[in-house]
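In what follows, a single structure is set out as structure tokens and then discussed.
Heavy-atom basis, side chains included; hydrogens, waters and symmetry copies ignored.
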Amino acid sequence: MSRRTVMLRPAIDLEPRKRDEARRLRRAGHEPAFIAETIGAPIEEVEKALVQMRMPRPETTRGTLNVTLAAHALVMKERQGNEPLWQTMDRLLDELLRLRAAEAARARRRREDEGALPLFPEG
């Protein structure tokens with residue numbers, strides 16, 4: 001951790017052993033009030049220790065997309081202004097899926113029309 005980050009964080013008035021125990025109990029799913037009572041520490045200090053912990057996220061919000069240079073160039077060309085790349089990708093994929101859905105609907109209508117009886121029979 002950088003020195004600047006350490007300086008910005010509030011001081012925790014807990015022994016390292018109690019701080020670690022509080023974090024272990026939190027990972028186990030216990031509430032701050034129960035943790036404070038269990039380790040015999042003020043709730044404010046326990047909350048300061050808990051707020052600084054890293055917790056696993058149940059899902060990621062973004063990921064890395066490994067593409068060719070040509071695909072990267074296409075995405076960069078499609079950007080609108082200084083739009084973040086993730087927004088550009090979301091927009092392009094949304095557009096692709098909408099176009100595919102519209103084409104599937106047109107194909108479905110064509111198949112239905114081919115099976116219809118003519119209005120004016122030849123004859």
Using the rule that two of Ile, Leu, Val, Met, Phe, Trp, Tyr join whenever any of their side-chain heavy atoms come within less than 4.5 Å, decide whether Val75 and Val67 are in one cluster. yes
Is it true that a side-chain atom of Lys48 and a backbone atom of Ala11 form a donor plus acceptor pair closer than 3.5 Å? yes
Show your working on side-chain contact (heavy atoms from CB on, under 4.5 Å) between Arg27 and Met53 and close with a plain yes or no. CA-CA 10 Å; Arg27 283 187 192 95; Met53 357 175 350; 3.7 Å; yes
Between Arg23 (side chain) and Ala49 (backbone), is there a donor-acceptor pair under 3.5 Å? yes
Do Gln87 and Gln80 come within less than 4.5 Å of each other through their side chains, counting heavy atoms only? no
Check this for me: His72, atom NE2, are more than 12 non-hydrogen atoms of other residues, nucleotides or ligands nearer than 6.0 Å? no
Euclidean distance, Arg19 CZ relative to Asp13 CG, rounded to 0.5 Å: 12.5 Å
Could you note down all residue pairs passing salt bridge (charged side-chain N to carboxylate O under 4.0 Å, His left out) where residues 68-83 supplies at least one of them, sequence neighbours left out? Glu83-Arg91
Does Leu69 have more than 12 heavy atoms from other residues, nucleotides or ligands lying within 6.0 Å of its CG? no
Strictly distance-based, threshold 3.5 Å: is any side-chain N or O of Glu45 a donor or acceptor partner for the main-chain N or O of Leu14? no
Any sub-3.5 Å donor-acceptor pair from Arg109's side-chain atoms to Asp113's backbone N or O? no
With Glu47 via salt bridge (charged side-chain N to carboxylate O under 4.0 Å, His left out) - residues at least two apart: none
Just verifying a value: how many Å separate Arg106 CZ and Arg110 CZ, rounded to the nearest 0.5 Å? 7.0 Å
Please check if Leu93 and Met76 belong to a single hydrophobic cluster, counting links between Ile, Leu, Val, Met, Phe, Trp and Tyr side chain heavy atoms closer than 4.5 Å. yes
Does Arg24 come within less than 4.0 Å of Glu21, counting only side-chain N to carboxylate O? yes
With rounding to the nearest 0.5 angstrom, report the CD to CD1 distance, Glu44 to Ile12. 13.0 Å
May I ask whether Met89 and Leu85 are part of the same hydrophobic cluster, defined by side-chain heavy atoms of I, L, V, M, F, W, Y residues being less than 4.5 angstrom apart, directly or through others? yes
Does atom CG (Asp94) have a neighbourhood of more than 12 heavy atoms from anything else shown, all under 6.0 Å? yes
Taking atom OG1 of Thr38 and atom CG of Leu25, what is their separation to the nearest 0.5 Å? 6.0 Å
CG on Asp20 to CD on Glu15, rounded to 0.5 Å: 11.0 Å
For a side-chain contact (heavy atoms from CB on, under 4.5 Å) check, start with the C-alpha distance between Glu37 and Ile43, then their side-chain angles and the critical distance, and finish with the verdict. CA-CA 8 Å; Glu37 184 180 318; Ile43 183 99; over 6 Å; no
Taking atom CG as the centre, does Asp90 end up with more than 12 heavy-atom neighbours from other residues, nucleotides or ligands that are less than 6.0 angstrom away? yes
